[in-house]
Amino acid sequence: MLDVYRLPNARSVVVHDDLNALSIYIAQHIADLAARAIRDRGAFRVALAGGETPRNCYRKFSKHSVDWQHVHLYFGDERCLPAGDPGRNDFMVQEAMLRDVPLPASHLHRIPAETGPGAAAAAYSKVLQDVLPLDLVLLGVGEDGHTASLFPGNPALEGTAAALPVFNAPKPPAERVTLSLGAINASREKIMMVAGSSKYFALERILCGAVLPASMILNADWHLERSAVHGT
Ligand code: 6PG
């Protein structure tokens with residue numbers, strides 16, 4: 001079992017018995033953060049993670065009582081696939097959450113990744129420039145320690161714009177758009193969601209001192225599912 005409580009740059013670490021428990025906990029936490037942000041600042045602006053880990057969490061979050069008129073949804077990254085493609089992160093979010101909640105259409109800020117990485121990143125940086133810092137960024141972690149679409153050794157890690165083009169991503173599709181490290185780290189809250197034994201070695205490498213994109217997220221709250229910590 002990894003001593004995940006030593007994760008560098010983590011603000012907190014919680015290990016959950018299974019993905020369902022992790023999803024229930026984070027769905028409630030997002031609802032609490034939303035209520036606090038709307039009370040304090042009149043809006044809740046959150047960037048959503050892609051991949052499979054958060055899917056169940058979004059389903060549970062959609063069942064919470066949220067003041068959707070004051071929520072704005074962004075994306076931590078998007079895959080450069082045609083609009084409506086089932087492989088897109090916004091497609092997953094639509095299926096898991098959006099079809100069940102009364103979010104005003106203008107409050108859904110998709111990344112126009114169908115226009116290609118360069119144009120989409122430039123357009124999304126313009127969308128973000130007036131709204132950073134976000135209230136929350138939700139992030140998954142890949143088997144190689146990537147997060148959002150920030151991959152180890154990729155030039156996007158050096159980018160300073162709010163949203164960046166990604167080329168040659170090792171996780172298909174090769175072309176993507178991602179929030180930059182700066183935009184993510186500026187967020188008031190960051191939540192890392194890690195589930196599955198396939199993530200064990202990424203965590204082990206980070207704990208042994210490897211500087212991977214996920215470990216470059218500062219002051220994040222890490223939520224780990226037990227199999228990622230035990231490797232089984
Ligand atoms: C993507 C995600 C990516 C994902 C991790 C973990 O486009 O795939 O943005 O960063 O969060 O790869 O993916 P899983 O949750 O499916 O393991």
Side-chain angles (χ1 to χ4, degrees), residues 16 18-23 25-27 30 46-61 73-83 85-97 109-114 117 120-121 124 134 136-154 156-157 159 163-181 183-185 187 190-203 205-206 212-217 220-229 231:
H16 301 268
D18 54 40
L19 183 55
N20 190 52
L22 182 152
S23 304
Y25 183 96
I26 291 181
I30 300 170
V46 52
L48 300 175
E52 281 308 307
T53 302
R55 186 190 296 269
N56 193 19
C57 172
Y58 296 155
R59 284 202 187 99
K60 295 181 187 309
F61 179 55
L73 298 182
Y74 301 83
F75 291 84
D77 68 333
E78 188 54 274
R79 303 160 182 192
C80 290
L81 296 169
D85 188 296
R88 287 176 61 119
N89 291 329
D90 59 17
F91 185 95
M92 181 273 287
V93 169
Q94 176 69 35
E95 292 295 295
M97 175 166 69
H109 307 281
R110 300 175 191 273
I111 300 176
E114 63 278 4
Y124 212 57
L134 298 172
L136 170 64
V137 176
L138 291 166
L139 294 162
V141 177
E143 296 173 8
D144 60 359
H146 78 260
T147 193
S149 283
L150 295 166
F151 292 87
N154 193 288
L157 282 167
L164 300 165
V166 176
F167 302 93
N168 306 312
K171 177 179 181 182
E175 295 190 344
R176 295 159 166 258
V177 178
T178 188
L179 291 191
S180 62
L181 273 177
I184 294 170
N185 280 328
S187 176
K190 284 83 72 174
I191 292 177
M192 313 296 289
M193 294 179 281
V194 189
S197 57
S198 66
K199 311 302 173 68
Y200 177 90
F201 292 110
L203 294 172
R205 288 178 59 202
I206 290 171
L212 301 176
S215 68
M216 299 165 80
I217 306 304
D221 295 321
W222 285 69
H223 291 270
L224 311 167
E225 184 262 331
R226 189 166 297 279
S227 66
V229 178

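Quick note: residue numbers are just sequence positions, from 1. Indexing begins at 1, ligand by ligand and atom by atom, following the structure's order.
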Please work out which of the three classes, parallel, tilted or perpendicular, describes the rings of His109 and Tyr74, given edges at 30° and 60°. parallel
Could you list the residues that satisfy side-chain hydrogen bond (donor to acceptor under 3.5 Å, both in side chains) with [X], not counting sequence neighbours?
X	value
Ser227	Glu225
Glu114	Arg88
Asp144	His146

Considering residues, nucleotides and ligands other than Phe201, do more than 12 of their heavy atoms fall under 6.0 Å from its CZ? no
Mark yes when over 12 heavy atoms from residues, nucleotides or ligands other than Asp85 sit less than 6.0 Å from its CG; otherwise mark no. yes
Show the protein residues that qualify under the rule heavy atom under 4.0 Å from an atom of ligand 1, listing them in chain and number order.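 Lining ligand 1: Gly50, Gly51, Glu52, Thr53, Asp77, Arg79, Asn89, Gly140, Val141, Gly142, His146, Ala148, Lys171, Arg176, Lys199.
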